[in-house]
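Reminder, nothing fancy here: chain letters follow the sequence lines and each chain counts from 1. Here the structure is a predicted model, which is why all the values come from computation and not from measurement.
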There are 2 protein chains.
Amino acid sequence: MSPLFMPQLDAFDRKILDILQRDNTTPQRTIGEAVNLSAPAVQRRIKRMTEEGVIRANVAIVDPAAVGQAITIFVEVEVISETAEQIEQAKREFAAAPQIQQCYYVTGEADFVLVIVVPSMAEYEALTRRLFFGNNNVKRFRTFVAMDRIKVGLGVPT
Amino acid sequence: MSPLFMPQLDAFDRKILDILQRDNTTPQRTIGEAVNLSAPAVQRRIKRMTEEGVIRANVAIVDPAAVGQAITIFVEVEVISETAEQIEQAKREFAAAPQIQQCYYVTGEADFVLVIVVPSMAEYEALTRRLFFGNNNVKRFRTFVAMDRIKVGLGVPT
DNA sequence: GGTGTTTTTGCAAGTTTGTTTCGCGGAGCT
DNA sequence: AGCTCCGCGAAACAAACTTGCAAAAACACC
């Protein structure tokens with residue numbers, strides 16, 4: 001599924017992706033009109049890009065506040081030992097926590113950057129106790145609480 | 001559209017959201033079978049949650065590498081003056097940049113946290129020149145380059 | 001520059017999916 | 001009880017997706 005060789009995308013594909021990244025419920029007929037292609041042609045391109053892994057998923061975006069998960073938090077995590085085994089272990093732990101929405105392994109002054117969504121600070125406090133204080137490979141972590149979500153998405157410019 | 005009063009969601013709604021956050025192309029009939037509801041009932045609930053703003057959008061997730069945007073970068077930005085007008089100005093600027101995928105206004109040792117997607121470090125360098133060095137209200141910024149995207153999504157636990 | 005091959009398109013039919021309508025039944029209220 | 005209000009399911013309906021096929025580009029190779 002992962003694109004080992006970079007699939008070739010033409011201008012049609014990019015326009016289609018652009019539309020689907022905004023609203024993937026757009027009818028193929030409408031997309032076709034927008035890009036000057038027939039609906040079946042659009043459908044075939046979408047199918048191909050899905051098979052190639054260009055389109056990774058089709059998902060609904062849910063307002064966290066509406067489901068009682070009102071608090072978004074950023075955390076930078078610095079580890080003590082950066083051996084391959086320790087790093088893999090950390091990756092597995094972070095990936096397994098449902099509150100962790102995003103997790104990146106980074107260069108710079110920290111080793112991991114996390115985006116966490118929780119219903120309350122109490123829950124975040126409990127999470128830090130489990131994930132950070134309870135992990136003796138975590139040297140330190142810095143917390144940033146989001147006051148405003150100015151722009152949230154996973155769209156990439158095409 | 002924004003839920004000023006919290007709409008209450010029952011167990012059916014949450015199960016439906018859970019499915020749609022994974023794959024919003026799942027047929028309503030299939031969802032109905034999974035949650036023990038008829039397809040029209042599922043359809044009405046989805047429509048209601050969309051109108052209430054619980055479901056904010058329906059989007060395709062595109063692999064950044066597949067469209068030549070292979071580099072993900074985190075940036076913490078610290079500003080000099082935190083007057084309302086200055087902050088609003090910064091928010092507008094960050095929101096307008098297509099390379100900025102996510103932007104949060106945060107408490108803590110920084111004021112903004114950005115998630116940026118670019119095709120190359122050269123492009124990132126150009127972006128920093130424009131957004132940070134070119135903005136005399138930016139005191140300092142710290143860059144974290146993602147080596148591995150361990151977990152990426154916008155799903156919230158229900 | 002022509003020719004055969006491959007690829008991709010558009011159209012039309014067939015199938016699946018989404019949507020509306022309508023009647024039914026339960027929860028809450030007087 | 002009798003009433004209304006919601007939300008449900010079954011079926012009819014409308015819209016969208018999918019597939020088969022023939023024609024038109026695009027391409028490689030003489």
Evaluate the ring planes of B:Phe94 and B:Phe112, with Trp represented by its six-membered ring, and classify them as parallel (under 30°), tilted (30 to 60°) or perpendicular (over 60°).
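Taking B:Phe112 first and then B:Phe94, their aromatic rings stand perpendicular (interplane angle over 60°).
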What class does the angle between the rings of B:Phe74 and A:Tyr104 fall in, given that below 30° is parallel, 30 to 60° is tilted and above 60° is perpendicular?
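If you compare the ring of B:Phe74 with that of A:Tyr104, the planes turn out perpendicular.
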At a cut-off of 3.5 Å, list every protein nitrogen or oxygen paired with a nitrogen or oxygen from nucleotides 8-10 of chain C, distance to 0.1 Å.
residue, atom, partner, partner atom, Å
C:dT9, OP1, A:Arg45, NE, 2.9
C:dT9, OP1, A:Arg45, NH2, 2.4
C:dG10, OP2, A:Ser38, N, 2.7
C:dG10, OP2, A:Ser38, OG, 2.6
C:dG10, N7, A:Arg44, NH2, 3.1

B:Ile55 with B:Val59, same ILVMFWY side-chain cluster at under 4.5 Å:
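No; B:Val59 is not reachable from B:Ile55 via cluster members.
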Could you check how far [atom1] of [X] sits from [atom2] of [N], rounded to whole Å?
| X | N | atom1 | atom2 | value |
| --- | --- | --- | --- | --- |
| A:Gln28 | C:dG18 | CD | C1' | 14 Å |
| A:Glu33 | D:dA16 | CD | C1' | 13 Å |
| B:Lys47 | C:dT21 | NZ | C1' | 13 Å |
| B:Ile46 | C:dT20 | CD1 | P | 13 Å |
| B:Asn58 | D:dA16 | CG | P | 16 Å |

For the side chain of A:Asp63 and the backbone of B:Val54, is there at least one donor-acceptor N/O pair under 3.5 Å apart?
no
Establish, with yes or no, whether the OP1 or OP2 oxygen of D:dT18 is under 4.0 angstrom from a side-chain nitrogen or oxygen of A:Gln43.
yes
If you compare every side-chain N and O of B:Arg29 against the phosphate oxygens of C:dT17 (OP1, OP2), does one of them come in below 4.0 Å?
no
Carboxylate-amine/guanidinium contact B:Arg14 B:Asp10, below 4.0 Å
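Salt bridge: no.
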Do the side chains of A:Glu33 and A:Lys15 get close enough for a salt bridge, i.e. N-O under 4.0 angstrom?
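A:Lys15 and A:Glu33: not salt-bridged.
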